[in-house]
Participant: 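Got a structure for you, questions after.
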Amino acid sequence: MSHEGDGTSTEPQYIRGVPHPLPAGERLLWEGAPTMKGISTHVFHWRLVVAYFAAMLAIWAFTTPHQPGSEIYVASAVVRVGLTFLVMIAVLGLSRAVATTSWYAITTKRIVMRVGMAFPMSINIPFSLLESAGVGTFRDGLGQITVTVQKNSRIAYIALWPHCRVFRFNQPEPVLRGLEEPAKVAQILAQAVAEASTADTRVERAEPTDRVSGTMGMPTPAGV
C-alpha cells in the first residue's frame with residue numbers, strides 16, 4: 001500500500017504516524033508500507049521454514065524405530081506437525097506485525113522510516129548523508145530499496161531490524177522492504193535526490209559561507 005504526495009497542495013503535509021507537519025519548503029513525494037507477503041517471503045522466508053520442517057518430518061518418519069500407526073508413532077507425528085504449525089503461525093504473525101507497524105516516506109529532502117513494533121520511532125535519513133541506493137526486484141514482482149549512508153552517520157542495527165541488510169552490523173544499511181512497485185519508488189527517490197543536490201549546489205554558490213550540515217544519530221521518538 002502506497003501513494004504519492006500532491007506537490008501542488010498548499011495545505012500542511014503529514015507523514016503517517018508523525019504528529020508534526022513537514023517543515024516549510026519540504027514536500028511529501030511518496031509514502032507506503034511494506035506488504036505482509038513481502039516481509040514473510042523475503043525477510044522471514046516462510047517457504048524455507050516449511051521446507052525445513054517437512055524435511056525433518058520425512059527424516060524422522062524413515063528413521064524412527066516405531067511402527068507406523070502405533071500410538072507412539074502417531075503421538076510423535078502429531079507433536080512434530082503441531083510444532084511446525086506453531087512456528088509458521090509465529091512467522092506469519094511477526095510478518096503481519098512488521099507490515100502493520102512500519103511506514104516509509106520520501107520527501108524532497110529525506111527518507112523517513114517509521115519502524116518499531118513495540119516502541120515506534122522515526123528514522124530520518126537526509127539526502128545529504130546518502131552515499132548510494134540500489135533497487136532489487138524479486139520474481140513475484142515485489143522488491144526493496146537498499147540505502148548506504150556515510151560511515152560517520154551510523155544507525156543502530158537493532159533499531160533498524162528487520163529494515164536493514166542482514167549481517168551488516170558495523171555499517172547497517174537501511175532497506176525499504178516489501179515494496180509493490182520498487183522501480184517506481186526508486187525513480188521517485190532518484191529524482192528527489194538529484195533535484196535536492198541541484199538545489200544545494202545553487203545555495204552554496206550563492207552563499208558559500210552559509211552551509212547547512214545534516215546529522216543522523218539514533219532514531220528519535222515520533223516526530224519530524
Side-chain angles (χ1 to χ4, degrees), residues 1-2 16-17 31-105 112-123 134-147 154-183 185 218-219 221-222:
M1 178 176 62
S2 64
R16 177 179 172 179
E31 60 179 347
T35 62
M36 178 181 172
K37 177 183 177 181
I39 297 298
S40 62
T41 303
H42 304 298
V43 177
F44 297 115
H45 304 286
W46 70 268
R47 294 171 182 169
L48 291 179
V49 174
V50 171
Y52 170 80
F53 279 97
M56 293 298 100
L57 185 61
I59 292 174
W60 169 82
F62 281 103
T63 59
T64 180
H66 305 295
Q67 292 295 324
S70 64
E71 292 185 3
I72 297 178
Y73 184 94
V74 172
S76 299
V78 169
V79 169
R80 285 167 170 78
V81 172
L83 178 61
T84 301
F85 275 103
L86 287 177
V87 173
M88 281 306 304
I89 290 174
V91 168
L92 296 178
L94 187 57
S95 299
R96 178 178 175 80
V98 172
T100 55
T101 59
S102 305
W103 194 254
Y104 307 136
V112 180
M113 303 175 69
R114 286 277 303 166
V115 298
M117 291 176 282
F119 303 100
M121 60 187 69
S122 297
I123 299 177
V135 58
T137 303
F138 301 101
R139 293 182 179 180
D140 57 8
L142 299 176
Q144 60 189 30
I145 296 176
T146 303
V147 176
R154 293 177 57 188
I155 308 174
Y157 185 93
I158 190 64
L160 276 173
W161 187 90
H163 310 272
C164 56
R165 290 189 66 180
V166 181
F167 304 131
R168 296 297 178 95
F169 301 111
N170 294 331
Q171 188 65 30
E173 298 180 8
V175 180
L176 278 62
R177 295 189 178 277
L179 302 179
E180 292 181 332
E181 299 178 300
V185 178
M218 289 294 296

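Just so we're clear, the structure is a prediction, and the values are computed from it rather than from any experiment. In this chain, numbering begins with 1 at the start of the sequence shown.
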Participant: Between the main-chain N or O of Gly38 and the side-chain N or O of Thr41, is there a donor-acceptor pair closer than 3.5 Å?
Facilitator: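 No; zero donor-acceptor contacts below 3.5 Å.
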Participant: Do the side chains of Ile155 and Pro174 get nearer than 4.5 Å, heavy atoms only?
Facilitator: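 The answer is yes; the side chains approach within 4.5 Å.
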Participant: Any chance you could lay out the side-chain contact (heavy atoms from CB on, under 4.5 Å) test for His163 and Ile123, step after step, and finish with the verdict?
Facilitator: CA-CA 11 Å; His163 310 272; Ile123 299 177; over 6 Å; no
Participant: Please check: side-chain N/O of Thr100 versus main-chain N/O of Ala97, any donor-acceptor pairing under 3.5 Å?
Facilitator: yes
Participant: Of all heavy-atom pairs between Tyr104 and Val175, which one has the smallest distance, and what is that distance?
Facilitator: OH-O, 3.8 Å
Participant: The test is side-chain contact (heavy atoms from CB on, under 4.5 Å); show your working for Val98 and Val43 and say whether it passes.
Facilitator: CA-CA 10 Å; Val98 172; Val43 177; over 6 Å; no
Participant: Might you point out which heavy atoms bring Ile145 and Pro182 nearest each other, and give the distance in Å?
Facilitator: CD1-O, 4.1 Å
Participant: Ignoring hydrogens, what is the shortest heavy-atom contact between Ser40 and Leu92? Give both atom names and the distance.
Facilitator: CB-CD2, 4.2 Å
Participant: Please determine whether side-chain contact (heavy atoms from CB on, under 4.5 Å) holds for the pair Met36 and Ile39, giving the CA-CA distance in whole Å, both sets of side-chain angles, and the decisive distance to 0.1 Å.
Facilitator: CA-CA 5 Å; Met36 178 181 172; Ile39 297 298; 5.8 Å; no
Participant: Kindly determine whether Met56 and Thr84 satisfy side-chain contact (heavy atoms from CB on, under 4.5 Å), including the steps that lead there.
Facilitator: CA-CA 10 Å; Met56 293 298 100; Thr84 301; over 6 Å; no
Participant: According to side-chain hydrogen bond (donor to acceptor under 3.5 Å, both in side chains), does anything in residues 164-177 pair up with another residue at least two apart or in another chain? List the pairs.
Facilitator: Gln144-Arg177, Arg165-Glu173, Arg168-Glu173
Participant: Does the side chain of His66 pick up a donor-acceptor pair with the side chain of Ser76 at under 3.5 Å?
Facilitator: no
Participant: For Val49 and Phe44, work out which heavy atoms get closest and say how close.
Facilitator: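 Heavy-atom minimum between the residues: CG2-O, 3.9 Å.
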Participant: State, to 0.1 Å, how close Pro172 and Leu160 come at their nearest heavy-atom pair, and which atoms those are.
Facilitator: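 Heavy atoms only, the tightest pair is CB-CD1, 4.0 Å.
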Participant: Would you say that Phe53 contacts Met88 through its side chain, given a criterion of any heavy-atom pair below 4.5 Å between the two side chains?
Facilitator: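 No; the side chains remain at least 4.5 Å from each other.
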Participant: In chain order, what residues pass the ring-ring contact (aromatic ring centres under 6.0 Å, His included) check against Tyr73, with sequence neighbours excluded?
Facilitator: Trp60
Participant: Near Arg96 CZ, under 6.0 Å, is it more than 12 heavy atoms from other residues, nucleotides or ligands?
Facilitator: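 Result for CZ/Arg96: open.
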Participant: Evaluate whether atom CG of Leu86 has more than 12 neighbouring non-hydrogen atoms of other residues, nucleotides or ligands under 6.0 angstrom away.
Facilitator: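 It does: Leu86 CG has more than 12 such atoms within range.
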Participant: With sequence neighbours excluded, what pairs up with Tyr157 under the ring-ring contact (aromatic ring centres under 6.0 Å, His included) test?
Facilitator: Phe169
Participant: Which atom names give the shortest non-hydrogen contact between Phe138 and Gly143, and what distance separates them?
Facilitator: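 So the minimum-distance heavy-atom pair works out to CD1-CA, 4.0 Å.
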